[in-house]
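Presented below is the structure to which this report refers.
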Amino acid sequence: MAYNFLRGDRDQPFLLPPDLRDWLPQDHLAWFVRDVTDQLDLAPFLRGYRADGHGHPAYDPKTLLGVLAAHGRPASG
């Protein structure tokens, strides 16, 4: 399916430090969260999005779930 998501490019280089892997040690929780969210079946999350790719792009549910898992609670508004 062609979901229209704003993707977070994990391999995108930064100005300083040049790579996200330079910021965090290999045993950091962020890498574990990333690995777990990559293995999850997110079909229930995807049902709320148009599968034809039309409309304004949304943030990738995998990325948002990773942020939520890393911080432990949703932001309050």
Query raised in the report: Does any N or O in the side chain of W31 come within less than 3.5 Å of the main-chain N or O of P25, such that one atom is a donor and the other an acceptor?
Result: yes
Query - Smallest separation among heavy atoms of V33 and G66, with atom names - result: CG1-O, 3.4 Å
Query raised in the report: When rounded to the nearest 0.5 angstrom, what distance separates CZ in R34 from CG in L29?
Result: 12.5 Å
Query - Check against side chain to side chain contact (heavy atoms under 4.5 Å, CB included), K62 and L42 - result: CA-CA 7 Å; K62 188 178 293 188; L42 297 181; 3.7 Å; yes
Query - Residue that, paired with D60, satisfies side chain to side chain contact (heavy atoms under 4.5 Å, CB included) out of Y3, F45, Y49, F5 - result: F5
